[in-house]
2 protein chains.
Amino acid sequence: MTEPPATLEDRRRHVVEIAAQVLATDGPHGLSLRRIATLAGGSTQLVYTLFGGKPGLGDALYAEGFRRLAASMSTAVDVAPPPGDPERLLALGRGYRAFALAEPAFFSVMFGRAIPGFTPARPTRAAGRAATFGQVVTAARECLAAGTLVADDAEELARACWVTAHGLAALEVSGLLAVDDVDAFADVVLRAPVEAHRAR
Amino acid sequence: MTEPPATLEDRRRHVVEIAAQVLATDGPHGLSLRRIATLAGGSTQLVYTLFGGKPGLGDALYAEGFRRLAASMSTAVDVAPPPGDPERLLALGRGYRAFALAEPAFFSVMFGRAIPGFTPARPTRAAGRAATFGQVVTAARECLAAGTLVADDAEELARACWVTAHGLAALEVSGLLAVDDVDAFADVVLRAPVEAHRAR
DNA sequence: ACGCTGTCATAACACTGTTATACACGTGCC
DNA sequence: GGCACGTGTATAACAGTGTTATGACAGCGT
């Protein structure tokens, strides 16, 4: 039983993983310091030494959520046609939506103020944005370079796609999207901003 | 000093108004039963007799939020060109965004999970949806009838506009939309789903 | 060997939503 | 008029929350 050094970063990751599990099963409401502390085999102070308090833990969960969102988008675009194909922008949108449906609690923490006192720190927000929105910008730039799509600015095209994907996912998670075939509607609506920039 | 009957509904409205004020100034985190009770000149029980608890108050705030959102959309479309003009769909989107920016706390209660234990009751959700999304459907139907826009289904057109407006507003409230001129971008992105259905 | 620094558990504090209890008040009935 | 009743209210208690202060302990550098 040779316990490795167990660096501070390792322990942080461990606690975040536990918190993520609680978040997934019981929602943001079940996230109490005492609970995740005992689940991690320690005392309440553990969270304070590792994260400085609940907002700090919230920030870590926020970052973890964006990491997972980025992963979901990444795996979706990996099975899509090669760079330059507008289909990749659609795949990213589908990955975005898939994450929201798979991890609604994380989604609420990231976009819905689900943790009472917590607002994400500016750098954390910027990093999350870069890891996710950056993928959309890349795909858009490739399409512009390949000439499959036309637009003044790759960022603006990417933003349009992002806004659509987020609106779709957010409304669906909120239970406000009363449609018979949501999947079909999702495809139609995600395709719209792409078709608007089709080369012809 | 002849106190009028002060019906139950009146008192409910009064407390909701107080809660809305607290929500606007201190955010969802400042919404405590004791606080709004004392602000209303009563005891904690007040909230329980009027709403049955905090989730009940949350439901009332949720409904109030949709009432205000509907009002914001309504006033925006009132100064727009007459029915049948696609400009009306844009106006509704602008009203949607204006509400989100003016009342971000309400927006979080309605579309995030800003009140810890609360999930909106199904009828409340349906009513809110009808009061807001219904306006979009109406405007879309008028455009289809006037022949200014073409689409298979008015609802589908309306949904596309709604998704765009919501995505834009939600991302902006979350502080994730890093653009120089947000207003200009908002106009561009809101116009996209409308232009996609232009008659030609 | 000493002191320092950082981590930890315990306990307390102020606060939260919720619930049970007891009291006041208005109404209907005899 | 007087009395039971039911409703709304306030008080107090309960379990739980995040946070903070206190004291004990270990590891490390001088």
Side-chain angles (χ1 to χ4, degrees), chain A residues 1-16 18-19 22-23 25-62 105 108-109 113-121, chain B residues 1-16 18-19 22-23 25-62 105 108-109 113-121:
Chain A
M1 200 62 151
T2 70
E3 290 278 0
T7 164
L8 205 127
E9 208 58 35
D10 276 341
R11 294 163 55 203
R12 259 200 270 258
R13 241 193 304 272
H14 181 222
V15 171
V16 166
I18 289 177
V22 172
L23 190 60
T25 60
D26 289 5
H29 191 48
L31 269 184
S32 89
L33 295 198
R34 282 166 178 82
R35 185 160 173 209
I36 65 177
T38 56
L39 247 54
S43 166
T44 312
Q45 280 302 44
L46 193 151
V47 179
Y48 283 85
T49 62
L50 289 186
F51 303 98
K54 186 155 193 187
L57 175 61
D59 220 57
L61 282 171
Y62 183 88
S108 302
V109 169
R113 298 174 181 275
I115 297 185
F118 160 70
T119 316
Chain B
M1 199 62 148
T2 70
E3 291 277 1
T7 164
L8 206 126
E9 208 57 36
D10 276 342
R11 294 165 53 203
R12 260 200 268 258
R13 240 191 305 271
H14 181 221
V15 171
V16 165
I18 289 177
V22 172
L23 190 59
T25 60
D26 289 5
H29 191 48
L31 270 184
S32 89
L33 295 199
R34 282 168 178 81
R35 183 156 174 214
I36 65 176
T38 55
L39 248 53
S43 165
T44 312
Q45 282 300 42
L46 195 150
V47 178
Y48 283 85
T49 62
L50 290 184
F51 303 98
K54 186 155 193 188
L57 174 63
D59 221 57
L61 282 171
Y62 182 90
S108 301
V109 169
R113 291 164 176 275
I115 298 185
F118 159 71
T119 317

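Residue numbers start from 1 in every chain, and the chains themselves are labelled A, B, ... in the order their sequence lines are given, proteins ahead of strands. Keep in mind it's a predicted model, so treat the numbers as computed, not measured.
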Enumerate the protein-to-nucleotides 5-7 of chain C contacts in which both atoms are nitrogen or oxygen and the separation is below 3.5 Å.
none

Worksheet item: If the sugar-phosphate is the primed atoms plus P, OP1 and OP2 and the base is the rest, what is the B/S/- string for nucleotides 15-24 of chain C, using protein heavy atoms under 4.0 Å?
Response: -BBBBB----
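- G117(B) comes within 4.0 angstrom of nothing in the nucleic acid, heavy atoms only.
- Residue pairs meeting the salt bridge (charged side-chain N to carboxylate O under 4.0 Å, His left out) criterion with at least one member in residues 39-49 of chain B: none, sequence neighbours excluded.
- Scored by the side-chain hydrogen bond (donor to acceptor under 3.5 Å, both in side chains) test, R13(A) finds D10(A) as partners (sequence neighbours excluded).
- For the pair A60(A) and F51(A), the tightest heavy-atom approach, listed with the atom from each and the gap, is CB-CE2, 3.7 Å.
- Closest heavy-atom contact between L61(A) and A19(A): CD2-CB, 4.0 Å.
- When side chains are defined from C-beta on, P28(A) does not count as touching P116(B), because their heavy atoms never get closer than 4.5 Å.
- Every residue meeting the salt bridge (Lys or Arg N to Asp or Glu O under 4.0 Å) condition with R35(A), not counting sequence neighbours, appears here in chain and number order: D26(A).
- Here side chain to side chain donor-acceptor pair (under 3.5 Å) pairs that include residues 43-56 of chain A, with residues two or more places apart or in two chains, number zero.
- With respect to I115(A), the side-chain contact (heavy atoms from CB on, under 4.5 Å) criterion is satisfied by exactly one of L57(A), V109(A), L23(A), D59(A): V109(A).
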